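See structure below.
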Amino acid sequence: MSFLDVFDYQLVHRNGDERGEVIHIEEGKTVIGRSEKCHVHLASPDVSRQHCVLVRTKTQLFVYDLSSRNGTKVNRQRIASKKPVELRHRDKLQIGRWKFRFLVKDALSGESIPDEPKVVDDAKASAPRTVLNELDAIAEALDLPSGEITETKSIPRDFPSEANNAAPSAAKPEKPNKPQLNEASPAPEKAEPEQPAFDPTKKRQPISLPASARLSGASDPRTAADQTLRKLFGR
């Protein structure tokens with residue numbers, strides 16, 4: 001039994017009326033787009049006629065954007081056009097308004113593989129023959145010349161770290177806050193005495209000038225006038 005017979009690669013719709021429907025990905029290439037000639041037909045104006053291609057090799061699945069107008073997103077990140085990106089178990093794929101979840105399941109039991117971060121074996125990853133075989137398989141599925149595909153990449157996902165799963169440590173007693181010294185504030189202004197309300201019916205008392213404001217001279221108006229005329233005429 002080959003690897004392709006053991007694992008079932010699925011794209012599961014995550015939104016719309018098709019939510020929950022499953023698309024099984026076979027070996028080779030699967031063209032996705034608005035055109036009815038595509039393997040997966042997505043009738044939506046925000047999807048290009050030939051939007052992207054899924055390439056399944058013996059052990060991996062890649063998505064290859066065909067210079068689409070609105071782009072292809074993996075884990076909410078837009079991928080570069082004509083650069084194969086590996087899809088891993090539980091990765092999110094978005095094409096226009098269509099959202100999918102990529103799942104790898106056991107073909108016999110139908111159960112998903114354990115959802116764990118992928119650990120890359122340095123020895124295996126550095127083997128040039130393994131890398132070239134994968135690149136050649138992608139180029140062959142896309143009908144590209146050998147050597148046209150030079151690299152692949154994957155979009156990281158956030159996995160819960162051990163620090164988040166660890167039991168919370170005993171809370172340290174909080175130190176009392178030191179009183180903050182406020183800057184000297186200006187002294188409050190003295191309130192002015194309230195003036196009594198004006199009453200038009202009440203007779204007002206005549207206001208007398210203080211002694212310092214009175215003019216020196218005769219207090220009798222007639223005498224004062226006589227003195228003034230004498231000063232004017234020089235008599």
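Just so you know, these numbers come straight off a predicted model, no measurement behind them.
A 4.5 Å side-chain heavy-atom check between Y9 and V104 finds at least one atom pair inside the cut-off. You'll find the side chain of P84 stays beyond 4.5 Å of the side chain of V63, heavy atoms only. Using a 4.5 Å heavy-atom threshold, the side chains of F62 and V85 count as separate. Using a 4.5 Å heavy-atom cutoff, the side chains of K82 and Y64 are in contact.
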For residues 30-43, which side-chain donor-acceptor pairs fall under 3.5 Å, sequence neighbours excluded?
unit_1, atom_1, unit_2, atom_2, d
R34, NH1, V47, O, 2.5
S35, OG, K37, N, 3.2
H39, ND1, V31, N, 2.9
H41, NE2, R34, O, 2.9

Kindly list each side-chain donor-acceptor pair under 3.5 angstrom involving residues 17-26, sequence neighbours excluded, with atom names and distances?
unit_1, atom_1, unit_2, atom_2, d
R19, NH1, R14, O, 2.4
H24, ND1, D8, OD1, 3.2
H24, ND1, D8, OD2, 3.1

- I would like to know whether F102 and L93 meet side chain to side chain contact (heavy atoms under 4.5 Å, CB included); could you show each step before the answer? CA-CA 7 Å; F102 171 58; L93 175 66; 6.0 Å; no
- Task: List the steps and the verdict of side chain to side chain contact (heavy atoms under 4.5 Å, CB included) for I95 and C52.
- Result: CA-CA 8 Å; I95 303 170; C52 62; 3.5 Å; yes
- Message: For K92 and R76: C-alpha separation, side-chain torsions, deciding distance, then whether side chain to side chain contact (heavy atoms under 4.5 Å, CB included) applies.
- Response: CA-CA 7 Å; K92 295 178 181 179; R76 301 180 181 180; 3.7 Å; yes
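More than 12 heavy atoms of other shown residues, nucleotides or ligands fall within 6.0 angstrom of atom CD in Q10.
One distance of note links CZ of R69 with OG of S48; it measures 5.0 Å at 0.5 Å rounding. Within the model, atoms CG of L54 and OG1 of T72 stand 9.0 Å from one another, a figure rounded to the nearest 0.5 Å. We find the CG-CG distance between L61 and D91 to be 9.5 Å, quoted to the nearest 0.5 Å.
With sequence neighbours excluded, the residues forming a side-chain contact (heavy atoms from CB on, under 4.5 Å) with N70 are D46, listed by chain and number. Partners of N15 by side-chain contact (heavy atoms from CB on, under 4.5 Å), not counting sequence neighbours, listed by chain and number: K99. The side-chain hydrogen bond (donor to acceptor under 3.5 Å, both in side chains) search around S68 returns H51, D65, not counting sequence neighbours. Qualifying side-chain hydrogen bond (donor to acceptor under 3.5 Å, both in side chains) partners for Q77, counting only residues two or more places apart in sequence or in other chains: none.
In this structure a side-chain-to-backbone donor-acceptor pair under 3.5 Å is present from Q94 to G96.
Using cut-offs of 30° and 60° for the angle between ring planes, the H13 and F100 rings count as tilted.
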